[in-house]
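Before any comments, here is the structure.
Along the sequence shown, the residues carry numbers beginning at 1. As the structure is a prediction and not an experimental result, all values here were calculated from the model. No hydrogens, no waters, no symmetry mates; every other heavy atom, side chains included, goes into these values.
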Amino acid sequence: MDIKENVRQFKNEIPEDVTLVAISKTKPVEDLLEAYDTPIRHFGENKIQEMTEKYKQLPNDIKWHMVGHVQRNKVKYMAPFVHLVHAVDSLKLLKEINKQAKKCSRSIDCLLQIKIAEEDSKYGISAEEAEEILNSDKFKEFENVKVKGLMGMATFTDDKEQVKKEFQHLKSVFDDFKEKYSEMSILSMGMSGDYKIALECGSNMLRIGSSLFGARD
Ligand SMILES: *Cc1c(COP(=O)(O)O)cnc(C)c1O
């Protein structure tokens, strides 16, 4: 795997206003450093412990994205440094992120994960549930957490029309939210297998793992 060449190709292919997040889960820090040199500054992990280990070993100008499901009791470990939490799916989790961010005297940016896949995925909420959170009095009291946008994962399928339909749905929810909530600016959708469709549908943040670093074991 020529990581540098892979990153270079991706950067050529995607518009400048789209953020490329290199998903480095399970990969050794040497691989992350290769991507870092290209240069890439946005890295994503799906386990808090692994992200924290890598954070300690790598340059401190890296922006760390937590893209996996977050357990509330682990928020404290990433609160001092995490750049963006992609998969927030409850008010309870936002409350804990707010609490831990406050302890660190900072504010943490989050995305709400919207369930768009047809398959029975465990995680994510509906657009209605997301609105309930954003409109709740409790949420409005949180001063150390900001919801900056939405994240979604399409069904894992070769059916491009299906994937397109799901991404278009998320984009329409995002456009609607952008009008109602001033801080919405990030739409995180698209992985190695479906990023081209995601770009067509208006994504401005791609989460790319295996196409940069090679297949995971
Ligand atoms: C692993 C992962 C990715 C990257 O997947 P690839 O198919 O390797 O590009 C993107 N988003 C999330 C939430 C992930 O867990």
Side-chain angles (χ1 to χ4, degrees), residues 19 21 23 25 44-48 51 64-76 78-79 82-102 107-157 162-191 193-195 197-198 201-207 209:
T19 305
V21 183
I23 306 297
K25 61 194 186 200
E45 293 282 335
N46 70 339
K47 295 204 171 82
I48 290 174
M51 181 171 77
W64 290 99
H65 295 244
M66 175 41 57
V67 301
H69 181 69
V70 175
Q71 285 171 279
R72 267 179 288 147
N73 60 346
K74 291 189 178 149
V75 170
K76 56 180 177 285
M78 66 173 174
V82 70
H83 174 70
L84 184 65
V85 183
H86 286 236
V88 174
D89 59 0
S90 73
L91 190 63
K92 271 183 175 172
L93 178 55
L94 277 172
K95 184 179 177 189
E96 177 64 15
I97 295 171
N98 181 65
K99 180 178 153 193
Q100 297 300 335
K102 192 169 185 167
S107 174
I108 296 179
D109 291 342
C110 298
L111 308 178
L112 295 177
Q113 180 174 4
I114 306 293
K115 192 188 276 192
I116 54 171
E118 209 151 74
E119 65 200 350
D120 235 355
S121 56
K122 276 184 290 181
Y123 302 123
I125 54 180
S126 67
E128 291 72 30
E129 288 168 316
E131 281 213 80
E132 263 173 45
I133 290 174
L134 295 168
N135 292 334
S136 70
D137 292 335
K138 277 222 172 85
F139 173 68
K140 287 171 193 160
E141 285 169 15
F142 299 160
E143 292 180 340
N144 297 71
V145 69
K146 287 201 172 72
V147 173
K148 290 277 196 164
L150 304 177
M151 179 273 216
M153 290 169 89
T155 303
F156 191 70
T157 171
Q162 175 71 28
V163 172
K164 191 170 169 182
K165 208 173 68 187
E166 293 170 4
F167 282 155
Q168 281 173 335
H169 168 62
L170 184 56
K171 174 64 159 61
S172 73
V173 174
F174 176 67
D175 287 342
D176 177 42
F177 279 25
K178 235 174 27 175
E179 285 188 9
K180 295 177 182 159
Y181 310 102
S182 59
E183 278 166 350
M184 292 274 161
S185 60
I186 299 171
L187 180 55
S188 167
M189 60 182 197
M191 321 195 338
D194 56 21
Y195 74 92
I197 306 172
C201 295
S203 166
N204 61 22
M205 186 171 277
L206 301 178
R207 308 179 311 271

Kindly list each side-chain donor-acceptor pair under 3.5 angstrom involving residues 139-150, sequence neighbours excluded, with atom names and distances?
{"from": "Lys140", "atom 1": "NZ", "to": "Asn135", "atom 2": "O", "distance (Å)": "3.1"}
{"from": "Asn144", "atom 1": "ND2", "to": "Arg106", "atom 2": "O", "distance (Å)": "3.0"}

Has the side chain of Ser203 got a donor or acceptor atom that lies under 3.5 Å from a matching backbone atom of Met189? yes
Give the intermediate values and the outcome of side chain to side chain contact (heavy atoms under 4.5 Å, CB included) for residues Leu170 and Glu166. CA-CA 6 Å; Leu170 184 56; Glu166 293 170 4; over 6 Å; no
4.5 Å side-chain heavy-atom contact, Arg72 and Lys92: yes
Please walk me through it: do Val85 and Met78 pass side chain to side chain contact (heavy atoms under 4.5 Å, CB included)? CA-CA 10 Å; Val85 183; Met78 66 173 174; 3.9 Å; yes
Indicate the atoms forming the closest heavy-atom contact of Leu91 with Ser136, along with that distance. CD1-OG, 3.8 Å
Please assess Glu96 against Lys76 for the test salt bridge (Lys or Arg N to Asp or Glu O under 4.0 Å), listing each intermediate value before the final yes or no. CA-CA 9 Å; Glu96 177 64 15; Lys76 56 180 177 285; over 6 Å; no
Closest approach of Ala101 to Ala79 (non-hydrogen atoms, all atoms of both residues): N-CB, 4.4 Å
I need the Gln113 CD to His69 NE2 distance, nearest 0.5 Å. 9.0 Å
When rounded to the nearest 0.5 angstrom, what distance separates CD in Gln71 from CG in Leu93? 10.5 Å
pair Val70-Val88: side-chain heavy atoms closer than 4.5 Å: no
Minimal heavy-atom distance between Ala87 and Gly68, with the atoms involved, is CB-O, 3.5 Å
Minimum heavy-atom separation for Phe177 and Ala130, please, with both atom names. CE2-CB, 3.8 Å
Kindly compute the distance separating CG (Asn46) from NE2 (His86), expressed to the nearest 0.5 Å. 12.0 Å
Would you indicate whether the side-chain heavy atoms of Asp109 and His83 approach each other to under 4.5 Å? no
Output for pair (Glu129 CD, Ile133 CD1), nearest 0.5 Å, gives 7.5 Å
A side-chain contact here means heavy atoms from C-beta on lying under 4.5 Å apart; do Thr157 and Val163 qualify? yes
Do any N or O atoms from the side chain of Arg207 and from the backbone of Ser188 form a donor-acceptor pair under 3.5 angstrom? yes
Distance check, rounded to the nearest 0.5 Å: Leu187 atom CG versus Phe167 atom CZ? 9.0 Å
Answer yes or no: is there a side-chain heavy-atom contact under 4.5 Å between Lys25 and Lys47? no
Under 3.5 Å: donor-acceptor pair, side chain of Asp194, backbone of Phe156: no
Val21 vs Met205, side chain to side chain contact (heavy atoms under 4.5 Å, CB included): CA-CA, chis, key distance, verdict: CA-CA 7 Å; Val21 183; Met205 186 171 277; 3.8 Å; yes
Set out, in order, the CA-CA distance, both residues' side-chain angles and the distance that settles side chain to side chain contact (heavy atoms under 4.5 Å, CB included) for Ser126 and Lys115, then state yes or no. CA-CA 6 Å; Ser126 67; Lys115 192 188 276 192; over 6 Å; no
Side chain Asp89, main chain Ile125, donor-acceptor under 3.5 Å: no
Sub-4.5 Å side-chain heavy-atom contact between Val82 and Met51: yes
Is there a side-chain contact between Leu84 and Leu111 in this structure, where contact means two heavy atoms from C-beta onward sitting under 4.5 Å apart? yes
Within a strict 4.5 Å, meaning less than it, do heavy atoms of the Gln162 and Glu118 side chains meet? yes
Between the side chains of Gln168 and Lys165, does any donor sit under 3.5 Å from an acceptor? no
For the residue pair Ile97 and Cys110, what are the closest heavy atoms and their distance? CD1-SG, 3.9 Å
What are the two closest non-hydrogen atoms of Ala198 and Leu206, and how far apart are they? CB-CD2, 4.4 Å
So CG of Leu134 and CD of Glu183: to nearest 0.5 Å the spacing works out to 10.0 Å
